[in-house]
Amino acid sequence: MKTSATRPAALATLLPFLKPHRRLLVLAVSALVIAAAATLALPLAFRLVIDAGFAAASTASIDRYFLGLFAVALILAVATALRFYWVTLFGERVVADLRQAVYRHLLGLDLGFHETNRTGELLSRLTTDTELIQTVLGSSASVALRSALMLLGASVLLVITSPRLAALIALVIPFVVAPIVLFGRRVRRLSRQSQDRIADTSAVAGETLAALRTVQAHAREAYEAERFGAAVLAALAAAVRRTRMRALLTATVILLVFGAIALVLWLGARAVIAGGMSGGELGQFVLYAVIAAGSIGSLSEVWGDVQRATGAAERLGELLATDSRIRDPEQPVRLGPGSGRIEFDRVSFSYPSRPGVNALTDFDLHIRPGEHIALVGPSGAGKTTVLQLLLRFYDPQQGSIRLDGVDLRQLALSDLRSRLALVPQQPVIFAGTVYDNIRYGRLDASPAEIRAAARAAEAHEFIAALPDGYDTHLGERGARLSGGQQQRIAIARALLSRAPVLLLDEATSALDSHSEHLIQQALQRLMENRTTVVIAHRLATVLRADRIIVMDRGHIVAEGSHAALLAQGGLYAELARLKFADTGAGAARL
């Protein structure tokens, strides 16, 4: 997938999603600063307990200093709890907004984009990548900021407590920072590779589960399991490489840091014996050194998470930076009450996935309001392309398409598509109720209107027989319905939409005669007073058309009535001879 996003700008992708929740961020950072200050105050309180409290040899003094130590601990506990709550809430809200934005963007991208990108990979970006970002924003980022603050504060207090010992620690810092930088780059690259391999597994699983009936019909369960296993092993190998590098980074940092602490503690112990510093000062210095070392260790740990989130942000940035080739015009023309006049003028079009092959070439077709047109022709003639272009799933490379005299590219997509009702050959049924599926045609429809549409589509009778009637959940892809029942639900949806133009990819081509009879009755009601463009497969549909358009290789090669076209001979007569020779007219297919 091509993108304009760059690695340095990857996390900048998140900035628009952070701004609406800046109040939570300010609260979280405030609690974090208080918690860090309380943590840095603990060694000082510890020193006072040792040097002042013990030196006073008074239980009252000891009680006072320990009470102060407890107060610091109480502040630390409350501030840490608030920091955890606000940071977690901040991360959840930001990622919720991010997921919605990515999903909305995916819905708006043109079909050319979805042709070249696997659904499973896109779902991985929507779920796994956003989950990584949530981990960083809701946890790792606050740990990193807290560790950075405590490292800075502890470093300053180390210098104040013992400049000589602090100078020794400063000499060690470059040896600690260098591995973080060097290994961090490698971790980042491996994290991106790991996410890509995880996306591959999602893509394979999504593709296979979507075609499960085909998989089982061909007894390819073992083959698909092996294919998914190979993708999982590739993801595992990438994860192992990433984890190995993170483990090496962590071990190196811990070894260097605590080796430095042991060196400083040895030198400090000699200074106490020599009288150069008190025991409390040494204890304070060691505690600050431990805090500084722990902060560096925490930074090295969360650095890997940050690198993984950066890789995820890159992938999401790529997605959000992808522009749809089909978009609303800046100043769309508003259509009035339409009559449904359609005009194709010298249209040439090739699909983005097949740029060198024209699906339509110099295609001219004018359809009068209320006219019923049947498109016939061999496979690959361009029939489906006509419907796709009318819906503006794609734009032609040459020529223009007009609806009621207005070029489709001048219309808002929502306005255009509200004037078109599509009944595909393979209906799409969502995993909701019958009500939900029919109401998809018009979201503001009342229950009475939905029932009326179902009756007109010859669907009310079988719906009423379902366990919960119109409230019955239909399962994924309408698994609880037969093919004919699914088609009648799709017709009810189109009836409900009240669109003046009907696009019909012959809905009866794969049905039994009883289902076909019911659906033909429903289609007759659906086509009343509408401009209708039908991809015709059956003779009954052809005979009802006002005009038959014969297509071949992206051109119109003939048009007219059934009888006139038969008399002309040519492609239509040949198709009719091949399709109708062995069947009765009522069941014949074209």
Side-chain angles (χ1 to χ4, degrees), residues 11 14-15 17-53 62-97 132-161 166 169 250 253-254 257 261 280-281 283-306 309:
L11 293 179
L14 303 178
L15 289 179
F17 302 98
L18 304 182
K19 289 180 181 178
H21 308 290
R22 53 184 175 272
R23 180 175 174 272
L24 270 177
L25 182 60
V26 169
L27 290 172
V29 171
S30 299
L32 187 149
V33 170
I34 293 172
T39 301
L40 293 171
L42 285 174
L44 179 60
F46 184 72
R47 173 190 172 184
L48 291 174
V49 167
I50 294 176
D51 287 347
I62 289 292
D63 292 345
R64 185 169 62 252
Y65 284 117
F66 271 98
L67 184 62
L69 184 62
F70 177 76
V72 173
L74 179 62
I75 293 172
L76 174 61
V78 173
T80 301
L82 290 174
R83 187 263 309 170
F84 173 79
Y85 174 76
W86 283 328
V87 164
T88 303
L89 187 60
F90 172 74
E92 293 287 354
R93 288 185 175 177
V94 168
V95 170
D97 290 349
L132 282 173
I133 291 173
Q134 193 279 329
T135 298
V136 169
L137 293 179
S139 175
S140 300
S142 71
V143 171
L145 182 57
R146 182 192 64 192
S147 299
L149 286 174
M150 289 197 298
L151 176 60
L152 178 62
S155 299
V156 172
L157 292 170
L158 281 172
V159 173
I160 293 173
T161 304
I169 289 181
T250 301
V253 170
I254 290 175
V257 168
I261 289 177
E281 288 176 331
Q284 176 182 330
F285 188 90
V286 170
L287 286 176
Y288 281 132
V290 169
I291 290 174
S295 299
I296 294 175
S298 295
L299 285 172
S300 69
E301 284 282 344
V302 301
W303 185 248
D305 289 336
V306 171

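FYI, side chains are in, hydrogens and waters are out, and symmetry mates aren't considered; it's all heavy atoms of this structure.
- When all heavy atoms are compared, the tightest approach of D97 to F17 is O-CE2, 3.9 Å.
- Counting all heavy atoms, side chain and backbone alike, A38 lies closest to I75 at CB-CG2, 4.2 Å.
- When all heavy atoms of A28 and R83 are compared, the pair lying nearest together is O-CG, 3.8 Å.
- The two residues G153 and L40 have their closest heavy-atom pair at CA-CD1, 3.7 Å.
- Residues satisfying the side-chain contact (heavy atoms from CB on, under 4.5 Å) test with L89, not counting sequence neighbours, are L24, Y85, R93.
- The shortest distance between side-chain heavy atoms of L18 and L137 falls below 4.5 Å.
- Closest approach of A35 to L76, counting heavy atoms only: O-CD1, 3.3 Å.
- Scanning both residues, W86 and L27, for their nearest heavy atoms gives CE3-O, 3.3 Å.
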